Amino acid sequence: MANIIIILLVAIIGVFIVFLSLNIFTRHGEWQAVPEVENMSFTNAINTLHDQGFRTDIRDSVYNEDINPGFVVEQFPKPGAKVKPGRKIFLYINAVHPRELIIDADNSSEGEALKGYSLRQGLAKLEELGFKKVNVIKIPGDNDRIIRLTSNGKTINKMEKVPVTALINVEVHDGQLNRLADSLLEEEYLQYVTEVEDEQPIIIDEDDLGDIEPVFVQ
């Protein structure tokens, strides 16, 4: 009986020690508001958080034209959130340079990016990659295929990296030559039919030939 009582007392004391330790290490009941560091420079944001006892972690770099390079775009937890003291705050920093992407990753052959693609396929590809500034330039041709892509006056080739913020000019055939040729052929045919109708021969009745006096030219 004495052994059982001793075991129970040791268990109770152990549970009490564990509970007390958890309260000490987890700072149960303590909280601290997260300061706002969004739109701050990276250095100022780090200093502000560290001065209040928070830890920091850079999760990712994004690029936003509306925010200065090297500034905090977003933070988590959000400003004003109640967290444990010493909590790690995750920061998303605006990159100094925009992200660069390969438009045509076909490395099996050299050449110009997306050349020969249909306009619909090319625009879908650029939209999928995240290009927002796209200008379509139509050139007379017999199909709707892309001739070339240019940026800053230079042709974009396969496996070439291009800033996602760049203006992409898409030169494409307008597919009107076949229609123009058909229209010209139709117009020539109508003109030919009209000329034939205007040049129909005059038919003279044989009975009227007797009334016509011959004219001799010396």
Side-chain angles (χ1 to χ4, degrees), residues 14-108 112-114 117 120-136 146 148-170:
V15 171
F16 177 76
I17 293 174
V18 170
F19 182 76
L20 183 62
S21 300
L22 288 175
N23 284 336
I24 293 175
F25 288 107
T26 61
R27 293 181 173 182
H28 182 68
E30 297 183 28
W31 59 270
Q32 188 175 358
V34 178
E36 182 176 3
V37 295
E38 292 180 357
N39 297 321
M40 280 189 183
S41 67
F42 172 74
T43 303
N44 290 338
I46 294 295
N47 292 336
T48 300
L49 293 171
H50 286 180
D51 289 343
Q52 298 190 30
F54 291 103
R55 295 173 294 149
T56 57
D57 184 16
I58 308 301
R59 297 294 297 185
D60 195 6
S61 293
V62 296
Y63 186 81
N64 188 331
E65 292 182 338
D66 300 327
I67 299 177
N68 292 328
F71 277 56
V72 178
V73 177
E74 188 177 3
Q75 67 179 86
F76 182 82
K78 288 295 185 180
K82 296 179 179 180
V83 299
K84 296 289 184 182
R87 164 71 188 266
K88 182 180 289 186
I89 308 300
F90 300 99
L91 303 178
Y92 297 83
I93 309 299
N94 196 33
V96 176
H97 301 288
R99 190 162 49 110
E100 294 187 341
L101 302 172
I102 298 176
I103 296 178
D104 193 340
D106 181 13
N107 59 0
S108 60
E112 300 169 359
L114 302 186
Y117 280 60
R120 181 181 60 81
Q121 291 175 324
L123 294 180
K125 180 70 173 179
L126 293 172
E127 181 180 0
E128 178 185 352
L129 291 173
F131 288 93
K132 304 296 184 183
K133 302 176 182 178
V134 179
N135 181 37
V136 177
I146 292 176
R148 64 172 182 166
L149 304 184
T150 63
S151 179
N152 294 325
K154 296 182 179 180
T155 301
I156 301 174
N157 295 316
K158 295 181 179 181
M159 303 304 297
E160 181 178 346
K161 290 185 177 182
V162 181
V164 72
T165 56
L167 171 63
I168 307 298
N169 293 311
V170 182

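What you are looking at is a predicted structure, and each value in this text was computed from that prediction instead of being measured.
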Qualifying residues under side-chain hydrogen bond (donor to acceptor under 3.5 Å, both in side chains), relative to [X], sequence neighbours excluded:
X	value
T165	none
N64	none
E100	none

Next item on the list: Please identify each residue that fulfils salt bridge (charged side-chain N to carboxylate O under 4.0 Å, His left out) with R59, with sequence neighbours left out.
Entry: D57
Please name the pair of heavy atoms, one in [X] and one in [Y], separated by the smallest distance, quoted to 0.1 Å.
X	Y	result
N68	N94	O-ND2, 3.3 Å
P163	P98	CB-CG, 4.1 Å
Y63	V96	CE1-O, 4.1 Å

Item checked: Contact list for residues 37-46, test salt bridge (charged side-chain N to carboxylate O under 4.0 Å, His left out), sequence neighbours left out ->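 Found E38-K78.
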Mind checking the [atom1]-[atom2] spacing from [X] to [Y]? Nearest 0.5 Å is all I need.
X	Y	atom1	atom2	answer
N47	F42	CG	CZ	9.5 Å
F71	N44	CZ	CG	7.5 Å
K84	Q32	NZ	CD	12.0 Å
I146	Q121	CD1	CD	8.0 Å
I93	I46	CD1	CD1	6.5 Å
R87	Q52	CZ	CD	15.0 Å

Residues which pass side-chain contact (heavy atoms from CB on, under 4.5 Å) with [X], listed by chain and number, not counting sequence neighbours:
X	result
I102	A105, M159, K161
R55	K88
N39	I67

Note to self: Quick check: do F54 and P35 have side-chain heavy atoms less than 4.5 Å from each other?
What the structure shows: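 Sidechains of P35 and F54: in contact.
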Notebook entry, point to check: Under a 4.5 Å cut-off applied to non-hydrogen side-chain atoms, are L114 and V170 in contact?
Noted result: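 They are not in contact (no side-chain heavy atoms under 4.5 Å apart), so the answer is no.
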Note to self: If you count heavy atoms of other groups shown closer than 6.0 angstrom to CZ of F90, is the number above 12?
What the structure shows: yes
Next item on the list: Evaluate side-chain contact (heavy atoms from CB on, under 4.5 Å) for V34 paired with Q75, printing each intermediate quantity in order.
Entry: CA-CA 10 Å; V34 178; Q75 67 179 86; 3.4 Å; yes
Contacts under 3.5 angstrom, residues 149-157 side chains, donor-acceptor by atom type, not counting sequence neighbours:
| from | atom 1 | to | atom 2 | distance (Å) |
| --- | --- | --- | --- | --- |
| S151 | OG | L167 | O | 3.3 |
| T155 | OG1 | R148 | NH1 | 3.0 |

N/O donor-acceptor pairs under 3.5 Å from side chains in residues 122-136, not counting sequence neighbours:
| from | atom 1 | to | atom 2 | distance (Å) |
| --- | --- | --- | --- | --- |
| N135 | ND2 | N169 | OD1 | 3.2 |

